[in-house]
Amino acid sequence: MSVRTIQIVQNILAVNDEVAAQNRARFTAAGILAVNVIASPGAGKTSTIIKTMQALQGRARVGVIEGDIAGTIDTEKVLAAGARDAVQINTGGNCHLEAHMIERALDALDLHQLDIVFVENVGNLVCPTHWALGEQIKMCLSSAAEGHDKPIKYPEIFAASDVIVLNKMDLAEMVDFERDFFVKSVRALNPHAPLFEISCRTGAGVAAWAEWLYSQRSFRAPNRASHTALETVSRL
Amino acid sequence: MSYLLENVEARALELGATKVLSINLVMGDRSTVVDDSLLFYFDMLSPGTVVEGAKINVRRTPMRFHCAYCKDDYAPISENFDCPRCGNVGQVTDDGSELLIESIEIET
């Protein structure tokens, strides 16, 4: 009998990242831009998807993968609002989507009929951040009503996102939202990601955000989160 | 947690281990993993596997920012990300993003 210490230095989520890479290859092969939408409950994920889809009506065919702990209400909503296709994933208590769930959802979607796929993650700003799904764009959706301190409390999602969308800006004044503090905190974490201010209720800012997204259809950069993990491993 | 266990279990069996004595992890503060929940799930999921009874050692790494004016790194205070020395806001560094199995100690 002997005792040995074995050096491993492996990213704990390596298995998930492998499946995510396969999902990304499937999206890419089908010419699809996949967007992982991460936000708190009530930030307006479904409303933002619907408004964006409507802004791109006639130009981009949109599919939605809905992740919820339970229920199909959001899938029904996006289909009624004009989504070409939608699949519901019920995580049964899991607080985030994982790459293998998306792998199954992809089998159910007619990928060749779609240009953009939104993956609406479970409402949570913590866990979804670390699980790559195979998206080309990780989107952090925040809202004025949640407060300007969100980047201080949940820094990693703001640091890891490719784009940040700030919803409910029509309420900013009523809820004493300090925009400058929010922007300064976001920029300390993520100097380059575009930041769009919108209101799904009034429609303000939606067109500019939708145009930017549409322009990203040729975007093929690897997911930032997996990237960071790889860099971490190589550094150690 | 199941990802962590499966990783360690697979590696241990591959190496012909009869028992895993300890698992050494690096968890950055940015990874938002809480030690207590990790240990809770470990106790729940490990019985009956080769990792049962292993000691989990977690090395935490803090989130840090770099101040371009002071040319130095700093840990932020809780209310904002400003540099505690000069008050300017810095840029986040990669420190604290780790979520790694660094090593395991096995009995063969």
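As a basis for the values below, the full set of heavy atoms in this structure was taken, side chains included, without hydrogen atoms, waters or symmetry mates. Residue numbers start from 1 in every chain, and the chains themselves are labelled A, B, ... in the order their sequence lines are given, proteins ahead of strands.
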B:L4 vs B:F42 side-chain heavy atoms within contact, under 4.5 Å: no

Contacting moiety of A:F181, where chain B heavy atoms sit under 4.5 Å: side chain

Exam field: side chain A:N23 to backbone A:A99, donor-acceptor pair closer than 3.5 Å: yes

Portion of B:L25 that has a non-hydrogen atom of chain A nearer than 4.5 angstrom: side chain

Contact class of A:D149 relative to chain B, heavy atoms under 4.5 angstrom: neither

Ion pair B:R30/B:D95, N-O distance below 4.0 Å: no

Contact class of B:D82 relative to chain A, heavy atoms under 4.5 angstrom: side chain

Contacting moiety of B:F65, where chain A heavy atoms sit under 4.5 Å: side chain

Nearest atoms (heavy-atom pairs only) where B:R60 meets B:S31: NH2-OG, 4.4 Å

Contacting region of B:L21 [heavy-atom separation from chain A under 4.5 Å]: side chain

Main-chain N/O of A:I32 paired to A:Q136 side chain as donor or acceptor, under 3.5 Å: yes

Contact leader toward chain B among A:T5, A:V3, A:I12, where contacts are heavy-atom pairs under 4.5 Å: A:I12

Nearest non-hydrogen partners of A:H96 and A:T91, listed with the distance: O-CG2, 4.0 Å

Heavy-atom pair count under 4.5 Å with chain A, highest-scoring of B:I104, B:V89, B:V92: B:I104

